Amino acid sequence: MFNNIYEGKKVFLTGHTGFKGSWLALWLTSLGAKVYGYSLAPNTEPSMFNELKIGEKITKSVFGDILDEEKLNKIINDIQPDIVFHLAAQPLVRLSYAEPVMTYKTNVIGSLNVLEAARHCTSVKAFVNVTTDKCYENKEINRGYREDEPMGGYDMYSSSKGCVEILSSSFRRSFLQEDGTMAMATARAGNVIGGGDWALDRLIPDCVRSINQGIDIEIRNPIAVRPWQHVLEPLSGYLLLGQKLLEEGKKYADGFNFGPNEDSVLTVAEVSQMVCDFYGKGKVIVGEKSPLHEAGLLMLNIEKAERVLGWTPTLTARQAIQNTIEWYKHFYSNDVDIYEFTMNQIKSYEEDITWNKSYAIK
Ligand SMILES: NC(=O)c1ccc[n+]([C@@H]2O[C@H](COP(=O)([O-])OP(=O)(O)OC[C@H]3O[C@@H](n4cnc5c(N)ncnc54)[C@H](O)[C@@H]3O)[C@@H](O)[C@H]2O)c1
């Protein structure tokens, strides 16, 4: 996988205690990378990080704040990583209404701190900066957004990530033009599902929590349509992008969308019902509509990732939901070693990938 580029590489990963970061930490270790994680301690109970003892599986795990410039600079300089994957963020839309300043500090200033620390550490050759599909100005249009469309965001989370995109583009033009400077790309993906997510206000974790508490699943907006993808889908895109940046540098230093196929769009009601079907229990009821602004459908156009990187999605939304529910069922019934099960999901996903056999344009 990934041309064996990660074998023996030192990877600095922010957000390794979170949902996507935990999966990425495990995938990178299985690819032979030395993973150094830097994040706040996990903030959900349970958390994938604690349940799978990820701190013990990677080379080094440090609990630290990306707003602590001194600590961040010191640790990057001590490690001398080859590549940075920056995933640490405040990623919740609803929390961004309650905590707008913290959201902006973490996402915008925090990202700038990580970029600055990496820029001054000459061992860093590549930087994958994870933003979101919500960075685009959502005009409620009926097609996917292309990478060159305007940034925006209705709520504070989305706009903070739009800011990170603008900041990254400016950072690249200001500091990363010369030979020998790191190649930095941004990666935009949308609603991600998978085992091990216990964040609040996300549909599948909410459904799983209700099922395990024996209460009805209350959904706020049953007809809202969203694209759904398994967590390994964007992670495969980040890893492929990281590979290209390490191998060929600035040619790939740009923004890339990693979204699902168009047929992965399902309503909230459809997804919650599928969760119950795969779980074999649970009941969905429609609750009061949220007073907060709900964005309409936002799709990504993924032609650039297909054409330039040779990346395509692997799983349908149905398969993604099935894999996710299998994970939670095993976790709650405690009938398998959940770490082994997670590693097997990564292996079987690798086997399902077809795009590594095709060639992107040079
Ligand atoms: N989950 C999704 O559906 C989704 C969709 C699009 C984009 N993303 C992006 O992917 C990335 C990871 O998201 P996730 O779903 O794993 O979120 P998560 O909340 O599970 O993890 C966030 C991580 O960031 C760390 N973090 C937060 N504030 C920090 C700080 N000040 N200093 C150091 N670390 C800090 C947390 O400790 C945690 O490790 C984020 O950048 C997010 O915006 C997620």
Side-chain angles (χ1 to χ4, degrees), residues 12-26 37-50 54-55 58 61-69 71-72 75-76 84-96 99 101-114 117 128-136 153 155-165 168 186-206 226-235 237-238 256-260 271 295 298 300 320 324:
F12 187 72
L13 170 62
T14 71
H16 71 300
T17 59
F19 164 54
K20 284 166 87 172
S22 291
W23 279 90
L24 186 55
L26 292 180
Y38 183 90
S39 315
L40 298 179
N43 64 356
T44 62
E45 178 51 46
S47 70
M48 180 144 169
F49 180 82
N50 283 335
I54 285 168
I58 63 178
S61 167
V62 174
F63 292 159
D65 195 326
I66 53 172
L67 295 173
D68 183 343
E69 286 173 70
K71 184 166 178 176
L72 184 61
I75 187 132
I76 291 199
V84 176
F85 287 91
H86 172 47
L87 276 73
Q90 190 306 90
L92 303 174
V93 171
R94 281 165 74 92
L95 185 59
S96 78
E99 298 275 2
V101 175
M102 183 272 276
T103 301
Y104 257 65
K105 275 190 186 161
T106 305
N107 295 357
V108 183
I109 302 301
S111 295
L112 182 54
N113 286 343
V114 181
V128 177
N129 197 357
V130 171
T131 66
T132 172
D133 59 352
K134 296 188 177 65
C135 65
Y136 293 106
D155 59 87
M156 299 306 279
Y157 165 67
S158 304
S159 63
S160 74
K161 288 287 189 167
C163 287
V164 177
E165 284 287 348
S168 301
T186 58
R188 306 159 189 174
N191 285 302
V192 179
I193 62 172
D197 189 8
W198 280 279
L200 290 174
D201 299 322
R202 283 189 185 153
L203 181 61
I204 293 202
D206 283 348
R226 299 274 178 272
W228 305 89
Q229 63 180 170
H230 192 267
V231 61
L232 294 174
E233 301 271 49
L235 297 190
Y238 305 164
F256 287 91
N257 291 340
F258 296 105
V271 172
L298 199 158
L300 292 173
T324 302

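Throughout, residue positions are numbered sequentially from 1 according to the sequence presented. Counting starts at 1 for both ligands and their atoms, in listed order. Any value given below was found using the heavy atoms of this structure, including those in side chains, with hydrogens, waters and symmetry copies removed. The structure presented is a predicted model; accordingly, all values stated were derived computationally and were not measured.
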(request) Provide, to 0.1 Å, the distance between atom 10 (O) of ligand 1 and the closest protein heavy atom, together with that atom's residue and name. (result) Lys20 NZ, 3.3 Å
(message) Distance check, rounded to the nearest 0.5 Å: Leu92 atom CG versus Glu99 atom CD?
(response) 11.5 Å
(message) A side-chain contact here means heavy atoms from C-beta on lying under 4.5 Å apart; do Val192 and Lys20 qualify?
(response) yes
(message) Within the structure, is a non-hydrogen atom of Asn107 found at a distance of less than 4.0 Å from ligand 1?
(response) no
(request) Verify, without hydrogens or angle tests, whether Glu45 (side chain) and Ser47 (backbone) share a donor-acceptor contact under 3.5 angstrom. (result) no
(message) I need the nearest protein heavy-atom contact for atom 41 (O) of ligand 1: residue, atom name and distance, please.
(response) Lys161 NZ, 2.8 Å
(request) Select one of side chain, backbone, both or neither to describe which atoms of Asp65 lie under 4.0 Å from any atom of ligand 1, heavy atoms only. (result) both
(request) With the side chain counted from C-beta on, respond yes when Leu40 and Phe63 share a heavy-atom pair under 4.5 Å apart, and no when they do not. (result) no
(request) Evaluate the criterion side-chain contact (heavy atoms from CB on, under 4.5 Å) for residue pair Leu26 and Ile54; output intermediate values, then yes/no. (result) CA-CA 7 Å; Leu26 292 180; Ile54 285 168; 4.0 Å; yes
(request) Could you name the option among Ala88, Pro42, Gly37 that has the heavy atom nearest to atom 25 (C) of ligand 1? (result) Ala88
(message) Would Tyr238 count as a polar contact of ligand 1, with the cut-off being nitrogen or oxygen pairs under 3.5 Å?
(response) no
(message) Counting only nitrogen or oxygen atoms and a 3.5 angstrom limit, does Tyr38 reach ligand 1?
(response) no
(message) Could you check whether Arg202 pairs with Asp197 (Lys NZ or Arg NE/NH1/NH2 to Asp/Glu carboxylate O, under 4.0 Å)?
(response) yes
(message) Can you confirm, on distance only, whether ligand 1 has an N/O atom lying under 3.5 Å from any N/O atom belonging to Tyr157?
(response) yes
(request) Please determine, by modelled atom types, if Tyr104 and Ser159 share a side-chain donor-acceptor pair under 3.5 angstrom. (result) yes
(request) For atom 34 (N) of ligand 1, find the nearest protein heavy atom and state the residue, atom name and distance (0.1 Å precision). (result) Leu40 N, 3.2 Å
(request) Dump the intermediate steps for side-chain contact (heavy atoms from CB on, under 4.5 Å) on Val231 and Ile193, then the final yes or no. (result) CA-CA 5 Å; Val231 61; Ile193 62 172; over 6 Å; no
(message) For atom 20 (O) of ligand 1, what's the nearest protein heavy-atom neighbour? Residue, atom name and distance, please.
(response) Phe19 N, 2.8 Å
(message) Taking a cutoff of less than 4.0 Å between a non-hydrogen atom of the residue and any ligand atom, is Thr14 in contact with ligand 1?
(response) no
(request) Look at atom 15 (O) of ligand 1 and find which of Arg188, His16, Arg202, Gln229 reaches it with the closest heavy atom. (result) Arg202
(message) Below the 3.5 angstrom mark, is there an N/O of Gln90, backbone or side chain, next to an N/O of ligand 1?
(response) no
(message) Please confirm whether the ring centroid of Tyr38 lies under 6.0 Å from the ring centroid of His16.
(response) no
(request) Please work out which of Thr131, Thr103, Val192 has its closest non-hydrogen atom nearest to atom 7 (C) of ligand 1. (result) Thr131
(request) Pull out every atom of ligand 1 sitting under 4.0 Å from any heavy atom of Thr17, numbered as shown with elements. (result) 36 (C), 37 (O), 38 (C), 39 (O)
(message) With a cutoff of 4.0 Å, is Ala189 in contact with ligand 1, counting heavy atoms of the residue only?
(response) yes
(request) Specify the protein heavy atom at minimum distance from atom 32 (N) of ligand 1: its residue, its atom name, and the distance to 0.1 Å. (result) Ile66 N, 2.8 Å
(request) Check Lys134 against ligand 1 and report side chain, backbone, both or neither, counting heavy atoms closer than 4.0 Å. (result) neither
(request) Name the closest protein heavy atom to atom 28 (N) of ligand 1, giving the residue it belongs to and the distance to 0.1 Å. (result) Thr106 CG2, 3.4 Å
(request) Would you please test Ser168 and Asn129 for side-chain hydrogen bond (donor to acceptor under 3.5 Å, both in side chains) and show each step? (result) CA-CA 8 Å; Ser168 301; Asn129 197 357; 2.9 Å; yes
(request) Using a strict cut-off of 4.0 Å, indicate which atoms of ligand 1 neighbour a heavy atom of Val130. (result) 9 (C), 10 (O), 41 (O)
(message) To check your reading of the model: name the closest protein heavy atom to atom 22 (C) of ligand 1, its residue, and the distance in Å.
(response) Ala89 O, 3.6 Å
(request) Give the numbers and elements of all ligand 1 atoms closer than 4.0 Å to a heavy atom of Leu87. (result) 11 (C), 12 (C), 40 (C), 41 (O)
(message) Please tell me whether Arg188 and Tyr136 have a donor and an acceptor in their side chains that are separated by less than 3.5 angstrom.
(response) yes
(message) If the condition is salt bridge (charged side-chain N to carboxylate O under 4.0 Å, His left out), which residues does Asp133 pass it with, not counting sequence neighbours?
(response) none
(message) Quick one, Ser39 with Phe49, criterion side-chain contact (heavy atoms from CB on, under 4.5 Å). Give me CA distance, side-chain angles, the key distance, then yes/no.
(response) CA-CA 11 Å; Ser39 315; Phe49 180 82; over 6 Å; no
(message) Please compare Gly15, Gly18, Gly190 and report which has the shortest non-hydrogen distance to atom 21 (O) of ligand 1.
(response) Gly18
(request) Search all heavy atoms of Gly195 against all heavy atoms of Phe19 and return the closest pair with its distance. (result) O-CE1, 3.3 Å
(request) Would you tell me which option among Pro91, Gly64, Ser111 has the nearest heavy-atom contact to atom 33 (C) of ligand 1? (result) Gly64
